2 protein chains.
Amino acid sequence: MLDKDEVKEAIVNVARHIFSRFGFRKTTMDEIAIASRKGKSSIYYYFASKEEIFQAVVEKEAEIFKQELIKATNPNDTPAQKLKTHVLVRMRSMEKLANFYSAIKDDFLGHLDFIEKIRKKYDQEEIQMMESILVEGVENGMFEIDDTSLAAIAIVTALKGMEIPLFWGVEEKDLESRLDHLIHILFHGVMKR
Amino acid sequence: MLDKDEVKEAIVNVARHIFSRFGFRKTTMDEIAIASRKGKSSIYYYFASKEEIFQAVVEKEAEIFKQELIKATNPNDTPAQKLKTHVLVRMRSMEKLANFYSAIKDDFLGHLDFIEKIRKKYDQEEIQMMESILVEGVENGMFEIDDTSLAAIAIVTALKGMEIPLFWGVEEKDLESRLDHLIHILFHGVMKR
DNA sequence: GACCATTCGACGAAATTAGTCGAAATAAAT
DNA sequence: ATTTATTTCGACTAATTTCGTCGAATGGTC
């Protein structure tokens, strides 16, 4: 027997696929119900509204990115290696996230406030992850940073602001060198000479 | 000033993108109008109904496949090389076509007759292209076929029936060898020893 | 000006959809 | 066994969306 939260999660997973394919407006509650193999009222039993499911989906999307970040990071890596992994994962998932957001961009004009709220929360977590990498680097003597907190904010913000097209259409084999180049630009001031 | 057919084609091109992204049902005439930078009535001035645009889109989709086939074929190639190119282009575009049809598969249950009609027309053209390759091969003395017409039908039908998943997820580097294998299976009885 | 080709916004009838309601089924508790 | 709480569902409605129409406006050509 499935616990309530598990059913909710199953529904969110189904909804995630449909939303990311068709966007908010073009996704119907009936579709979500059918794809979840549930009656429509059952969906409303777990979620108060279409927006509430969507909110859960966005949250899940952010959570998945975070998990990928954690999974890809090897604790034994040097801080420099961790930086590279972080950037790599972010760039990879950026494409996915960009697809997701472009699928819904037409549906919300302006009032994306709750999405921004979720983003902000996960941005802060990402900044913290980044800072712990930087702190480790400083302790190791590999990095030279006065204010790691500020530096973490600067780096994550820079990554976030980075235009994705920079990486679109880049061949897999060229990605590595371009990544190195990017990291060089970003972290040149951080590494100890 | 644009001629009437050019405007129609421009609209079809716009509609093609929207239909292939959202399917038939989830694509609205207003969207097509806005994306075409036309008033909605103007769309209806060129096309009688949503289905009529869609029909034109399907036709265009098939036409594009045909053009790709023609473009990829080098007249100076040997018949054997032409066979390979034909199979390669078909497999590549199959993926695209499959995406297109999967986007609309839920919208029409059963009554896809006009789509089948268009397909049939283009299948016949493809069979003729195939036959001319076979005939050339026979004249060259490279192939040994009694009834080229029948052989062309058999080969194209076989290609059409081939499951796409056979090629999905296959790495680019492995594609070549798998293709050779397929061609060997398909054309073994045709090549002169 | 008269004529044709093309464009358009506004409108209505029909279809779709978000969310509700009451009830049925299922499990848990007494 | 009976009550109670949890979960499921189809049918319904009010509000929105959407296809296709209508009549008019625009602009070019004779």
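Lettering follows sequence order; numbering is per chain, from 1. Values in this document were obtained by computation on a predicted structure and should not be read as measured data.
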- Message: B/Leu150 vs B/Ile145, test: side-chain contact (heavy atoms from CB on, under 4.5 Å). Steps then yes/no.
- Response: CA-CA 10 Å; B/Leu150 188 66; B/Ile145 310 166; over 6 Å; no
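- When all heavy atoms of A/Ala72 and A/Thr85 are compared, the pair lying nearest together is O-CG2, 3.3 Å.
- As a whole-Å value, the separation of B/Glu6 CD from C/dA5 P is 18 Å.
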Tabulate below the donor-acceptor pairs under 3.5 Å that side-chain atoms of residues 125-133 of chain B make, not counting sequence neighbours, or state none.
unit_1, atom_1, unit_2, atom_2, d
B/Glu125, OE1, B/Lys66, NZ, 2.7
B/Glu126, OE1, B/Arg90, NE, 3.3
B/Glu126, OE1, B/Arg90, NH2, 2.7
B/Glu126, OE2, B/His86, NE2, 2.8
B/Glu126, OE2, B/Arg90, NE, 2.7
B/Glu131, OE2, B/Thr148, OG1, 3.3
B/Ser132, OG, B/Met129, O, 2.7

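- Heavy-atom minimum distance, B/Ile43 versus B/Met29: CG2-CE, 4.0 Å.
- Following rounding to the nearest Å, A/Asp5 (CG) and D/dT6 (P) show an atom-to-atom distance of 14 Å.
- In this structure, B/Ser42 does not reach the C/dT6 phosphate: none of its side-chain N or O atoms is under 4.0 Å from OP1 or OP2.
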Pairwise N/O distances under 3.5 Å, protein to nucleotides 18-20 of chain D:
unit_1, atom_1, unit_2, atom_2, d
D/dC19, OP1, B/Thr27, O, 3.4
D/dC19, OP1, B/Met29, N, 3.3
D/dC19, OP1, B/Lys50, NZ, 3.4
D/dC19, OP2, B/Met29, N, 3.0
D/dC19, N4, B/Lys40, NZ, 3.4
D/dG20, OP2, B/Tyr44, OH, 3.0
D/dG20, OP2, B/Lys50, N, 2.9
D/dG20, N7, B/Lys40, NZ, 3.1
D/dG20, O6, B/Lys40, NZ, 2.8

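- For A/Lys50 and A/Phe19, the positive end is not near the middle of the six-membered ring at less than 6.0 Å and at most 45° from its axis.
- At whole-Å resolution of the value, NZ in B/Lys38 and P in D/dT26 are 18 Å apart.
- Residue B/Arg37 contributes atom CZ, which lies 17 Å from atom C1' of C/dC8 at whole-angstrom precision.
- In this structure, A/Asp3 atom CG and C/dA27 atom P are separated by 16 Å, rounded to whole Å.
- Considering only side-chain N and O atoms, A/Tyr45 lies under 4.0 angstrom from the phosphate OP1 or OP2 of D/dT7.
- Taking all atoms of both residues into account, the shortest heavy-atom contact from B/Thr73 to B/Lys82 is CG2-CG, 3.8 Å.
- Atoms CD1 (B/Ile34) and P (C/dC8) sit 12 Å apart, rounded to a whole Å.
- Whole-Å rounding puts the B/Lys4 NZ to C/dT6 C1' distance at 9 Å.
- For A/Tyr46 and C/dG19, the OH to C1' distance is 18 Å, given to the nearest whole Å.
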